[in-house]
Amino acid sequence: MPETIAAVDVGTNSLHLVVARTTDGDRFEVLTREKEMVRLGSGSTDMKELAPEAIDRAVEALTRFRKIADSHGAPLRAVATSAVREAENRKDLLRRVRKEADVEIEVVSGVEEARLIHLGVLQALELFDRRLILCDIGGGSTELLIGQRGEALASVSFKLGALRLTNRFFATDGLHPSAVDSCRRHIQGVLASFDRSVDEHGFDVAVGSSGTIEQVFRLARGLAGEEPLRTLNAAVLTRKQIGAVVEELIEARAEGTTGDLPDLDPKRTDIILAGALVLEGVVRRFGIKEMVLSEYALREGVFLDTIARQRGGSLPHLRDVALRSAIDLMQACDEDPTHSAHVARLALELFDATAHRHGLGSDARSLLEAGALLANVGLVISHAKHHKHSYYLIRNSDRLVGFTDQEIELVAQIARYHRKSAPKPSHPEWAALDHDDQRLVEVAAAVLRVAIGLDRSHRQLVSGVRVTERKGDLVIGVDVDDPDADLSLELYAADERRGLLADVLDLPVVIAPPVDA
């Protein structure tokens, strides 16, 4: 049955809405698109603050987007990028949008943003089997990704956005004699850190998405006296064309005639030079001779990712990305990943066996699995207080993709509470969660504590768990492959750790030895 969904890209420069419905073969058809230039990143030069008037514009635009989505009967998912990600007062925006527009905004990391853009691009261009380098230039950041067959081999998010660089190098009218050279040097210095990834993986084709790159293409055709194209998807932009556009923009900026250039969106007049310089820097740095344009980007990727989540990851190479990224981080930091993987399996068995008591669903189950896999990554920093180090690493790692920012926070807290103190109102991160998320963290952490106890020796002696209710108690029994195994340490440790589970299930918990013991 077709599914209709609205996806919103809350960008630094513009807000984009796409409403689409699924068709056969996991494709989709777009029902309507909307775009509003709100300049969320205009509050301060370093983008640490969202200006009150920018927040007002965003709330107004999202209120309108919500009405459009509702008119199509489409649930709406909104994803925010650089400007919101970096703003110290982002909660002001999130709170107002939730209250006034009835929209929940997910703040995604730069690497997750690149993954979602990649996902959208693969629906626009037949490039699944080819190794590509993807460039998306936004208002606050530029995302670069090397991928093949739906997998990201390398990705990065740079603070090289058209609005950000305009604020830094071209904030005044006219053109300072050193501004362009300074901007170019800055761009090359930042891009240099991606050299190694390009050298290691290489690429067959370069792809460009975003309004900035489309605008450079339109300018190139306009300056050459060519008619505008009705669609830009799969159009090719050459390095020579980019260079010509940049030189024209430099001259026009110096003369104050940028607005007179053919086919230039008036709303981009002030920021197009900075954006074009980023594009010029990318093609020069990585030896790109031509770039194929994709009209699909982040919002289309969000649409597809949302469909995959609703179907439990039925679309290829989507939801399982999150689990694989958790495993990747575990293997990079955990000194005993076999133990953590075994604990995760026991935790899921216990979660499933107590589902009738805690009432949580598949989303919570997935977050528990990730939290269990990552509970011990903090050991790479120190054994002392490693649960707190795990929280920090999970919260700040750029390896975790496929998760929203809020999901990463929940995974981090599940890992943080796998030992020592239970969640308390005095803990600011936990106190900041709403009631439902607090409940999720408590239940998942409670289950995880018992599962960890059941592999206290790290020898995987307990092969499974069974749950029954007897005389008002929740009895957790264990299965073993070796009937002669000494489980005394496991049973003792699980018994020591059962308190939080008893509290969240409101039922005494008993840890029982194997039936034949």
Side-chain angles (χ1 to χ4, degrees), residues 334-336 338-360 364-365 368-369 371-376 378-379 383-388 390-391 413-424 427 430 438-517:
D334 192 338
E335 60 185 26
D336 190 357
T338 302
H339 162 70
S340 295
H342 186 70
V343 164
R345 188 174 64 78
L346 293 178
L348 293 179
E349 287 187 16
L350 185 53
F351 179 91
D352 293 342
T354 55
H356 65 290
R357 281 285 175 181
H358 57 66
L360 298 180
R365 188 181 193 275
L368 165 61
E369 183 174 18
L373 292 170
L374 299 175
N376 286 331
L379 290 169
H383 278 260
K385 299 182 179 180
H386 75 263
H387 54 299
K388 294 183 179 180
S390 292
Y391 173 87
Q413 292 207 33
I414 291 167
R416 185 254 185 265
Y417 291 113
H418 82 271
R419 65 193 291 269
K420 299 294 185 179
S421 170
K424 296 178 181 177
H427 298 165
W430 189 77
Q438 286 182 343
R439 168 74 175 169
L440 186 154
V441 169
E442 283 186 313
V443 171
V447 166
L448 179 54
R449 287 176 178 225
V450 174
I452 289 173
L454 291 174
D455 195 39
R456 185 66 182 85
S457 68
H458 289 224
R459 294 168 60 197
Q460 292 80 62
L461 300 177
V462 173
S463 59
V465 297
R466 292 170 289 101
V467 172
T468 56
E469 292 189 25
R470 189 171 63 219
K471 296 180 181 180
D473 294 337
L474 186 85
V475 181
I476 300 175
V478 300
D479 295 326
V480 294
D481 294 330
D482 179 4
D484 297 323
D486 179 5
L487 298 182
S488 57
L489 183 58
E490 275 69 21
L491 296 175
Y492 175 81
D495 188 68
E496 286 286 297
R497 293 165 172 264
R498 63 185 165 82
L500 183 57
L501 186 61
D503 290 342
V504 298
L505 299 182
D506 194 24
L507 195 68
V509 172
V510 175
I511 309 296
V515 175
D516 296 328

CZ (R456) with more than 12 external heavy atoms under 6.0 Å: no
Heavy-atom closest pair, residues G371 and I414: CA-CG2, 4.1 Å
Main-chain N/O of H458 paired with H342 side-chain donor or acceptor, under 3.5 Å: no
From CA spacing to verdict: salt bridge (charged side-chain N to carboxylate O under 4.0 Å, His left out), R498, D495: CA-CA 5 Å; R498 63 185 165 82; D495 188 68; 2.7 Å; yes
Value rounded to 0.5 Å, distance of CD in Q438 from NE2 in H427: 12.0 Å
Heavy atoms from other residues, nucleotides or ligands near CG of D482 exceed 12 (cutoff 6.0 Å): yes
Student check: side-chain heavy atoms of R470 and V510 closer than 4.5 Å: no
Any donor-acceptor pair under 3.5 Å from R449 side chain to K420 backbone: yes
From S421 atom OG to L500 atom CG, the distance as rounded to the nearest 0.5 Å: 9.5 Å
Interatomic distance, L379 atom CG to D336 atom CG [nearest 0.5 angstrom]: 9.5 Å
Whether R466 side chain and V478 backbone form a donor-acceptor pair below 3.5 Å: yes
Interatomic distance, L346 atom CG to L350 atom CG [nearest 0.5 angstrom]: 8.5 Å
Residue pair S390 / A415: nearest heavy atoms and the distance that separates them: CB-CB, 4.4 Å
Whether E349 side chain and G464 backbone form a donor-acceptor pair below 3.5 Å: no
Over all atoms of both residues, closest heavy-atom pair of V467 and A353: CG2-CB, 3.5 Å
Sidechain-backbone polar pair: H358 side chain, V504 backbone, donor-acceptor under 3.5 Å: no
Polar side-chain atom of D473 near backbone of V475 as donor-acceptor pair, under 3.5 Å: no
Non-hydrogen atoms of F351 and A364 that approach each other most closely: CZ-CB, 4.2 Å
Option passing side-chain contact (heavy atoms from CB on, under 4.5 Å) with L348 (candidates L368, V447, V343): L368
V450 side chain near I511 side chain, heavy-atom distance below 4.5 Å: yes
Rounded distance [0.5 Å steps], CG in L454 versus CG in L491: 7.5 Å
Heavy atoms of other groups near R459 CZ, more than 12 under 6.0 Å: no
Atom pair CG (L440) and CG (L360), whose distance is rounded to the nearest 0.5 Å: 5.5 Å
Ring geometry between H418 and H387 (parallel below 30°, tilted from 30 to 60°, perpendicular above 60°): perpendicular
side-chain contact (heavy atoms from CB on, under 4.5 Å) assessment of D334 paired with L373: CA-CA 9 Å; D334 192 338; L373 292 170; over 6 Å; no
E490 (side chain) donor-acceptor with S457 (main chain) under 3.5 angstrom: yes
Lys/Arg-Asp/Glu bridge criterion (N-O < 4.0 Å) met for E369, R365: no
Option from D481, T338, D455 for which side-chain hydrogen bond (donor to acceptor under 3.5 Å, both in side chains) with Q460 holds: D455
Residue pair L501, I476: steps toward the side-chain contact (heavy atoms from CB on, under 4.5 Å) verdict: CA-CA 11 Å; L501 186 61; I476 300 175; 3.9 Å; yes
Closest approach of A502 to P508 (non-hydrogen atoms, all atoms of both residues): CB-CA, 4.4 Å
